[in-house]
Amino acid sequence: MSATATHLKLPSLLVAGTDTGVGKTVVTALLAIAYRGHGVAAAPFKPVAAGVSTGEVWADTAFLAAAARTSEEETGLYRLKKPLSPHLAAADEGVCIDIAAVMEKFNSLSSKYGAVLVEGAGGIMAPLGAGATFLDMAAALDLPVVIVTTARLGSLNHTLLTADACRERGLKVAGLVINRFPAQPGEPEQRNLAELGKLTGTPLIAVLPEMDVSVEDLNTGDLERHAGLPDLAELPGGLSGRGDYSRAIEADRKHVWHPFSPMREYLGEKPHPLMIVGGQGSRLTASDGRSYIDGTSSLWVNIHGHGRPELDGAVRRQLGRVAHSTLLGLSNEPSALLAEQLSAITPAGLDRVFYSDNGSTAVEVALKVAFQYWRQAGHPEKKEFVSFVNAYHGDTIGSVSVGGHELFHSMFRPLLFDAHLAPAAYCYRCPEGLAHPECRLACLSGLKEILARRSASIAAVIVEPRVQGAAGIIVQPPGYLAEVEKLCRRHGVLLVADEVATGFGRTGTMFACEQEGVEPDIMALAKGITGGYLPLAATLFREEIYEAFLGRYEELRTFFHGHTYTGNPLACAAALANIELIRQPGFLERVREKAKLFDSLLARLAGLRHAGDVRRIGMMAGIELVAGRGATEPFPVKERVGRRVILKAREKGVIIRPLGDTVVIMPPLSIGEGELRHLVEAASWAIEEVTERGNG
Ligand SMILES: *Cc1c(COP(=O)(O)O)cnc(C)c1O
């Protein structure tokens, strides 16, 4: 061993065992010593140690700290007393093992040391509680893995299972350490030794003997002499969990056309547009190696955070059965069970589920069914639709036809069918020039007038309940939605609730309609339905509507519409797991509590000179920026104020996205309080920097 620094590039590692008792701790200690020999100060880190009875000096963490010359404080995090599986030992002490806390400690150690050697707890699938296993922690850390195993009979199976599990989660297996190799190996040991590296396709970085390690070994440096050190040159060079993304970035620049993105501007971002390469909890990791808070919930879809074990597990389990099969004339289990769940959690009467893939198609289906329903119910004259100014229902031709967003939709006017656009509630810029509640919802007069005049020809009114999302998080005054429903009932037209953005807890209740006791005839769902995992949408109908489509084949009452991936089993499995988590006792209460904190954090933004209006409902907020305080006149479009603000916010590790000059903040519902505070403060700082100080 050379004591001088070498050219070896030594990465942080995860030391995982094929089982408990294979000697991971000794190997981790030896790796730390070997790293030191190459001039790299490595900190061992054993996040979870079970069986640490108090007062016992040679707890693993103390042993590691002594070997690496760090402190025991730095080496451990969760020290659990009972020698049980971590999840059981933790539960007995009322402790919750939090992967985010492990990441945080890892990050602080990596900023101080040349490398961090993270030691596993038991085998790779050791449960940590709340559905997570050690592998989930490993995936979050995204480090190359060194597998510690033995060569005895049965070890091939354990080692292959461990290597496979790691690779399936995208982890690199850097090498094997064969521990406890007997002085007089029998045939199984001798033959397995040769097979282990070959079968796993992984270099052997050490074969260590059976040894009895005592306090003295460490004090005298005898451990190394006793055991021999791992050969770090066997670690593949340039090894890092964090890859080189330059090729993908180049491919993105050359070949991808990004949605809703002025491409010249996007390509001009310096140093280059961000590429997301990982995610955990409320955070996304980007190709620049930095971690960002996902302040848009990956465009309004994420509910429980990224890498959520329950959702990962649900998709993986379904993947083990079948990834896709069609719903055209066949069924699959997840889509059937999900339909049952959806009808259970949506407002009364919505018992029939039609699947598609995204919000636009969910709306498209709603419109086509409403149209065909009236034809088959003996009212073919009812074929017109009413929607609202600034409404957004998606980007397909049908959903754009009921859209009221000037910028997004005017270009396509010649392609669209006509719809009636009623004035919308927009208190900050009230179309009636009034204020709530004295206005007594005067903005509804336009809808009243349309319905009074044309209801005989109108099939349905489509509304975004409680808040127009893409319009700029424009929250409707209380009572407005219930009034829209009442008008629909009075005039005999269907009510379509587009809950694509608001569904699944986003506004603090499972669905926004619940807040005003509204029971629509049709409901469109997408975005949050899979917790942000996979594309899926559903349109729900009252049974009477569905029944109008029944008949003998030759009557041609069938709904001739269907998308190829309708009811995809993987997406439906994710949706089932998502709903199960939302329905856990206390979940929505916690969201509402968090929304109160959100509100108090946002209150400070209202004081900014250019924050014209700060709007929030549940966990969605919009800050409409204007040119001057008290005045509602917008900034000139070409100043791109909203965009400049969100790019500025990236400097504070926050990803948000504007709608024009409205800065939208919409984090995963699971976001931690500290992260929420950071998110709002970063947005506030960025707004001040751009609008008041002209920086950025
Ligand atoms: C996003 C959105 C849609 C469209 O959903 P896509 O999945 O993007 O097609 C429709 N309606 C509302 C209210 C939305 O917010």
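One-based numbering, in listed order, for ligands and for the atoms of each.
The backbone N or O of H561 lies less than 3.5 Å from no partner atom in the side chain of K368, so there is not a single donor-acceptor pair.
Pairing each heavy atom of I665 with each of A683, the nearest pair is CD1-CB, 3.7 Å.
With respect to atom 1 (C) of ligand 1, the closest heavy atom belonging to the protein is K527 NZ, 1.5 Å.
In this structure, H306 has its ring center at least 6.0 angstrom away from the ring center of H304. Residues F371 and F385 place their aromatic rings such that the two centres sit no closer than 6.0 Å. With ring centers used as reference points, F511 lies under 6.0 Å from F504.
On a distance-only criterion, N358 and ligand 1 share at least one N/O pair closer than 3.5 Å.
For ligand 1, the atoms sitting less than 4.0 Å from at least one non-hydrogen atom of E464 are 13 (C), numbered in the order shown with element in parentheses. Of all the atoms in ligand 1, the ones that sit under 4.0 Å from a non-hydrogen atom of G359 are 4 (C), 5 (O), 6 (P), 7 (O), 9 (O).
Checking A501, G394, S356, S360 against atom 9 (O) of ligand 1, the nearest heavy atom belongs to S360. Of the candidates L536, V363, T502, D498, D498 brings a heavy atom nearest to atom 12 (C) of ligand 1.
Heavy atoms of H393 found under 4.0 angstrom from ligand 1 belong exclusively to the backbone.
A cation-pi arrangement is present between R352 and Y546 under the rule of less than 6.0 angstrom and at most 45 degrees off the ring axis.
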